[in-house]
There are 2 protein chains.
Amino acid sequence: MKSNDFNLSHFLPYRLAVLSERVSKRLSSEYSEQFGLTTPEWRVMAHLSRSEKVSVREIHTNANLEKPRVSRAVAKLEKAGLVTKSVNEGDHRLIEVSLTPEGWKVLNQFLPNALELENSLLGTFSSEEVDQFYDMIERLHAVLDEDPKAAPRPKMDKV
Amino acid sequence: MKSNDFNLSHFLPYRLAVLSERVSKRLSSEYSEQFGLTTPEWRVMAHLSRSEKVSVREIHTNANLEKPRVSRAVAKLEKAGLVTKSVNEGDHRLIEVSLTPEGWKVLNQFLPNALELENSLLGTFSSEEVDQFYDMIERLHAVLDEDPKAAPRPKMDKV
DNA sequence: TCAATATCGTTTCAAGTGAAACGAAAGTCA
DNA sequence: TGACTTTCGTTTCACTTGAAACGATATTGA
């Protein structure tokens, strides 16, 4: 009755989940302790670092966050004085979100920590291996792209 | 004020989270549709496939699930008739969980789908690349193992 | 022996979650 | 024009989550 051919520990989806969760927790321990940010809030701020004014919708598709999570994260960040919201001139449905000076301060204070963690992780790879690793991730995504049952891939900034 | 040196899309923790979530969702769409299982429930059953009787504690450390999640998953699986719970003879604090015949039926029905998904993903790699990929994951874990701020690594079945 | 401590699994409770519904605004097209 | 549809961001609601507290059992050590 025992199906010895299956081992959860070796199962790709499980391995990815375990690694990803462990890395995420390591990172979130920092922004949560230092700034009281949650993961959606960190993602919103991180995305805002690349664009002055961004709609909720764009954050949703670019930061892999469900719409309600973005809405709530932005609301909390606004309350904390880290971002501002304003209605788009041309299209009144759109909300333009952008970092406040205080938001920039927090972000610039935290980004070095984020990059340091990333560097310490990638430090175990040669630069060729880094490319290989990312290429492999890309290829796994490509498989899912062909799978009609898979969710669409979140938008990815080029460059 | 704009810090153009940071790109969320390229950030390792984010990339891992995105890939892992996408793979997880693809898998869970199957066991949720077909059997009404949640992720903790699937993990519990998958872990049970390798051992006759297992304590809640062991599932907790082996399937990367918090204690309450295991407790709740097991309770729900018991209610559904897929597992049984019994008190350990020697140590009355321990609960022994094991699959029922019905549980085995469900598991054996689902495992081929799980393996098929894994194969379709890994099919994009040569067998050397599969080894490389897993080795790289292992090396990232090794970095975290040395980091006092990182959570301990969940137990991993050898072989 | 028997208090003090540790471990196990469950439960509590406050917070987070997402699918679906919602109102508001914009776009479509006859 | 004006009904219909689509899109945007928010909110509702039922469910999930995990840290902490809990009772029960086991272990430790004076």
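Quick caveat, the model's predicted, so the values are computed rather than measured. The chains referred to below are lettered A, B, ... by the order of the sequence lines, with proteins before strands, and numbering in each begins at 1.
If you check residues 61-83 of chain A against DNA chain D, the residues with a heavy atom closer than 4.0 Å are Lys67(A), Pro68(A), Ser71(A), Arg72(A), listed by number. DNA chain D is contacted by no residue of residues 24-44 of chain B, taking any non-hydrogen atom closer than 4.0 Å.
Remark: Thr84(B) engages Ser98(B) in a side-chain hydrogen bond (donor to acceptor under 3.5 Å, both in side chains) (not counting sequence neighbours). Arg22(B) is linked by a side-chain hydrogen bond (donor to acceptor under 3.5 Å, both in side chains) to His141(A), Asp145(A), counting only residues two or more places apart in sequence or in another chain.
Considering every non-hydrogen atom in both Lys149(B) and Asp147(B), the closest pair reads N-OD1, 2.8 Å. Of all heavy-atom pairs spanning Arg43(B) and Leu8(A), the tightest one is O-CD2, 3.8 Å.
Whole-Å rounding puts the Lys85(A) NZ to dG9(D) C1' distance at 8 Å. The CD-P distance, from Glu58(A) to dT7(D), rounds to 17 Å in whole Å. Atom CZ of Arg93(B) and atom C1' of dT25(D) are 6 Å apart (whole Å). Atom CG of Leu94(A) and atom C1' of dG9(D) are 9 Å apart (whole Å).
Residues Ser126(A) and Glu128(A) have side chains that bring a donor and an acceptor to within less than 3.5 angstrom of each other. Donor-acceptor pairing under 3.5 Å is recorded for the side chains of Thr38(B) and Glu41(B).
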Problem set entry | Verdict with reasoning, Leu77(A) to Leu37(A), per side chain to side chain contact (heavy atoms under 4.5 Å, CB included) | CA-CA 9 Å; Leu77(A) 289 171; Leu37(A) 296 176; 3.9 Å; yes
For this session: Give the intermediate values and the outcome of side chain to side chain contact (heavy atoms under 4.5 Å, CB included) for residues Asp131(B) and Phe125(B).
Result: CA-CA 9 Å; Asp131(B) 291 344; Phe125(B) 296 153; over 6 Å; no
Exercise. Would Arg69(B) and His60(B) satisfy side chain to side chain contact (heavy atoms under 4.5 Å, CB included), going step by step from the backbone distance to the final call?
Worked result: CA-CA 8 Å; Arg69(B) 293 180 101 194; His60(B) 160 56; over 6 Å; no
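Bounding nucleotides for the chain B contact on DNA chain C, 5' to 3', at a heavy-atom distance below 4.0 Å, are dT7(C) to dC13(C).
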Considering only distance and modelled atom types, tabulate donor-acceptor pairs under 3.5 Å from the side chains of residues 109-124 of chain B, sequence neighbours left out.
from: Asn113(B); atom 1: ND2; to: Gln34(B); atom 2: OE1; distance (Å): 3.3
from: Glu118(B); atom 1: OE2; to: Leu12(A); atom 2: N; distance (Å): 2.8
from: Asn119(B); atom 1: ND2; to: Leu115(B); atom 2: O; distance (Å): 3.3
from: Ser120(B); atom 1: OG; to: Leu117(B); atom 2: O; distance (Å): 3.1

